Structure formats: C-alpha cells, structure tokens
Amino acid sequence: MLPIDSTKKLSFTRCIRDGDLVIVYERYDNMKAIKVCDGSVLENRFGVFKHSDWVGKQFGSKVFSNKGGFVYLLAPTPELWTLVLSHRTQILYIADISFVIMFLEIVPGCLVLESGTGSGSLTTSLARAVAPKGHVYTFDFHEQRAVSAREDFEKTGLSNLVTVGVRDIQGEGFPDELSGMADSVFLDLPQPWLAIPSAGKMLKQDGILCSFSPCIEQVERTSETMRSSFTDIRTFEILLRTYEVREGKLDDFQGDEAGSLGSLPRKRRQRSNEGSNVQESTGPPTVMARPCSEAKGHTGYLTFARLKCLS
C-alpha cells in the first residue's frame, strides 16, 4: 500500500519500480490503480503512456504521452485506494474512516478486530494506523468477498499486517484465541447487537468498540445492548461539506449567487446592459471558494463505547 525502501521504512522519495502499484491521476474525479509492468502501456484520451517511462521516476511525478498529454503517478495511500477500489459492498469514506481511527485510539502496535471486511476500504486505513508491528484481523461471512479482499491486500502489500477470515461473527462470535487481546473492535453488521457480547470478551480492559449502522433503529438497539458491559456510549453522524475553489471574474460568482436570489440571469443581464450602454466589469481573475452543489449527505451512524473496567 505504501512505498517501502530497502530498509523496510516508509519512503515517499524512493523511485517507482517494475511491479509497483501506482495511482494514475488524470483529474480529481478520474483516477485508477495500475500495476507497473515493463513493456505494457496505458492508453487514454491523453495518448499512450509507456510503463517503461515510469520506472525510475519518483511518486508524484508528471509523465507525458506520445501526444504530449500528461498524468500524475501517485503513491497508493489508503486515502487514494478508497477512491479507486472495486466496490463489492457499500464502503466507508475518508470522513468516517478518519473519525473511527481517532476515536478508537488506534496507534502503531495495536491489535484491531473488524467485522465485516466488505470491500476493504476501512481495513487499509486500519492497517496503516497499526503498522509496523500491529495487526488487523478482519472477518466476513461471504467467502468470495473475503477471497477478493485477501487478493487486494496482497496487491497493495498489506498481507503482513492483515489477516482475513471467513466467519459469521453475528452467529459465532470472534475466535476464542483472540480473547482479551484486542485494543479495539469495529463492527459493520446488519445486527451488531448480536456480536457485542463476543466483542466485549475480545477487548482488553478499557478497550473501545465502534459500531457503524445506517439506521437509527439499529443504533438504539445496539446502544441498549452495550449498557450492560460498556460505558461512555456516544453516537455521531459525520456530514462532510466540500468547497469548490476556482479562478474567475468576481462578477461571475456574484452573478451565480444573485441568480439564486431572484436577479436576472446572466444572459438577460448582458442584453439589458447592451440596451443601456453599460459595460460589464472586466477586472482581474479572482480565486473564489463556494460550497459544491453536490454535497454528500448521510452515510451512517458511528456508535462508540468503552469496556467497563473490572473492580
């Protein structure tokens, strides 16, 4: 997942090698993960890119095609992997993931349990958080999803940090051999309250449990089940608002905003100005920021709880 140098240390300055996984960045909404193979090519609307030209370049490099078009070669960080991975299930995105890692107090060396694995979006970030000496044990009841996730972790170089198991955690609970070893547990299940007793047995004293649920009814039943063995029960909903930053004339932005308040549309204002011999302002371009028109809404609820200490 992350570029490692010859001393096994994290390094974003090492050069791209044959066999590396890179994120090819065309624009902010068009990226893809590609394995570098000497002799292969990438063809897109910008032209033909030879993989052999990528070898020896640093991550972040700008490379050109036969037509003069260009793309950027980025390191496959968990943030970017979340944006390009194959969706086998609905996934968690950056806002929820960062909140989960912070509130589960995950640091290097932690042992984390997860159910279910799904597409592996959260798992990749958990693996980076516990690296280099921690470990993530993730479980999914669906065998093919588990196989696909295991292949992805091999591809991204995380197989030494992640163990994937096929298990129905709601029905069977977590494996007994992990009892009392987990620093934190994450549940993404349709009926998480069924797995809470087992999760409590897996946690170390003062360990933290998080359950992700899309519906408030699930949250209510989960919280009720937590009360017997957990304390400090809290639920959050993360709403992310993205802003668009672009360069343009101030009149363009004012016109867009005024139009939403009932003023004349831009074309009609132009005709009106022509009739009255009024010239539009031609000031220098200005960098402006405003909320994106397509904002992501509700994804789910995150419920956290801390295991009660035995007196």
Side-chain angles (χ1 to χ4, degrees), residues 82 88-93 95-106 110-127 129-130 134-143 145-146 149 162-238 298-308:
T82 290
R88 295 179 287 272
T89 59
Q90 184 67 28
I91 69 170
L92 267 68
Y93 287 96
D96 287 321
I97 290 173
S98 57
F99 200 86
V100 166
I101 290 175
M102 176 68 74
F103 269 73
L104 284 181
E105 301 176 2
I106 298 174
C110 280
L111 189 149
V112 180
L113 304 185
E114 178 194 21
S115 179
T117 310
S119 300
S121 174
L122 174 64
T123 317
T124 57
S125 290
L126 293 176
V130 304
H135 203 83
V136 178
Y137 291 88
T138 182
F139 300 90
D140 202 294
F141 77 93
H142 192 283
E143 186 171 0
R145 280 206 297 262
V162 180
T163 298
V164 182
V166 180
R167 191 178 179 92
D168 177 12
I169 299 300
Q170 288 185 168
E172 305 174 56
F174 289 98
D176 290 338
E177 56 266 27
L178 297 174
S179 180
M181 296 175 58
D183 295 283
S184 54
V185 175
F186 179 84
L187 303 176
D188 184 357
L189 300 169
Q191 297 176 296
W193 52 89
L194 297 178
I196 288 174
S198 175
K201 294 177 182 177
M202 299 301 112
L203 285 167
K204 297 177 180 177
Q205 287 299 306
D206 206 38
I208 305 174
L209 168 66
C210 175
S211 175
F212 175 86
S213 298
C215 302
I216 195 65
E217 292 81 6
Q218 294 169 300
V219 173
E220 291 171 349
R221 189 162 179 181
T222 298
S223 299
E224 183 63 31
T225 306
M226 287 176 169
R227 291 178 59 186
S228 61
S229 302
F230 292 84
T231 186
D232 193 21
I233 303 170
R234 292 182 284 173
T235 297
F236 302 89
E237 180 184 23
I238 313 302
H298 170 79
T299 56
Y301 300 99
L302 294 168
T303 300
F304 295 87
R306 189 179 295 274
L307 187 68
K308 290 180 180 179

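For this chain, numbers begin at 1 and follow the sequence in order. Just so you know, these numbers come straight off a predicted model, no measurement behind them.
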- request: Mind listing the closest non-hydrogen atom pair of Gly165 and Ala146 along with its distance?
  value: O-CB, 4.4 Å
query: Do Phe141 and Ile169 have side-chain heavy atoms sitting under 4.5 Å apart?
result: no
- line: Heavy-atom nearest pair, Thr89 first then Arg145, reads CG2-CD, 3.5 Å
- prompt: Just how far is it from atom CD1 of Ile196 to atom OG of Ser223, taken to the nearest 0.5 Å?
  reply: 8.0 Å
field: Pairwise distance CZ(Phe174) to CE(Met202) - rounded to 0.5 angstrom
entry: 7.5 Å
message: If you count every heavy atom of other residues, nucleotides or ligands that lies below 6.0 Å from Lys201 atom NZ, does the total exceed 12?
response: no
- request: Any chance you could measure Met226, atom CE, to Lys308, atom NZ, to the nearest 0.5 Å?
  value: 12.5 Å
message: Testing the basics here: between Ala127 and Val162, what is the closest heavy-atom pair and its distance to 0.1 Å?
response: CB-CG2, 3.8 Å
field: side-chain contact (heavy atoms from CB on, under 4.5 Å) assessment of Leu307 paired with Leu209
entry: CA-CA 8 Å; Leu307 187 68; Leu209 168 66; over 6 Å; no
query: Phe304 and Leu104: side-chain contact (heavy atoms from CB on, under 4.5 Å), yes or no, with the steps?
result: CA-CA 8 Å; Phe304 295 87; Leu104 284 181; 4.2 Å; yes
query: Do Ile216 and Val219 come close enough that some side-chain heavy atom pair is under 4.5 Å?
result: yes
field: From CG (Leu113) to NE2 (His135), nearest 0.5 Å
entry: 10.0 Å
- request: For the residue pair Cys110 and Glu105, establish whether any side-chain heavy-atom pair is separated by less than 4.5 Å.
  value: no
- prompt: So, do Val164 and Asp140 sit near enough that their side-chain heavy atoms are less than 4.5 Å apart?
  reply: no
message: Regarding Lys204 and Asp206, does a basic nitrogen lie under 4.0 Å from an acidic carboxylate oxygen?
response: no
- prompt: Which residue, Phe186, Phe236, Phe212, forms the ring-ring contact (aromatic ring centres under 6.0 Å, His included) with Phe103?
  reply: Phe236
task: Could you give me the CA-CA distance, side-chain angles and deciding distance for Asp188 and Leu92, then say whether side-chain contact (heavy atoms from CB on, under 4.5 Å) is met?
output: CA-CA 10 Å; Asp188 184 357; Leu92 267 68; 4.0 Å; yes
task: Show your reasoning for whether side-chain contact (heavy atoms from CB on, under 4.5 Å) applies to Gln191 and Leu189.
output: CA-CA 5 Å; Gln191 297 176 296; Leu189 300 169; 6.0 Å; no
message: Just to verify, which of Ser125, Ser119, Ser121 counts as forming a side-chain hydrogen bond (donor to acceptor under 3.5 Å, both in side chains) with Thr82?
response: Ser121
query: Would you say the side chain of Thr299 lies within less than 4.5 Å of the side chain of Ile238, judging by non-hydrogen atoms?
result: no
query: With a 4.5 Å limit on heavy-atom distance, are the side chains of Thr235 and Thr222 in contact?
result: no
- request: Could you check if a side-chain atom of Leu126 sits within less than 4.5 angstrom of a side-chain atom of Ile101, using non-hydrogen atoms only?
  value: yes
message: Counting only heavy atoms from other residues, nucleotides and ligands, does the tally under 6.0 Å from CD of Glu143 exceed 12?
response: no
Value rounded to 0.5 Å, distance of CZ in Arg306 from OG in Ser184: 10.5 Å
query: Taking all non-hydrogen atoms of both residues, which atom of Gly118 and which atom of Ala149 are closest, and how far apart?
result: O-CB, 4.5 Å
task: Please report the shortest heavy-atom distance between Met181 and Leu111, naming the atom on each side.
output: O-CB, 3.8 Å
Phe230 CZ to Thr225 OG1 distance, which is reported to the nearest 0.5 Å: 10.5 Å
Closest non-hydrogen atom pair between Thr138 and Gly116, with its separation: OG1-C, 4.5 Å
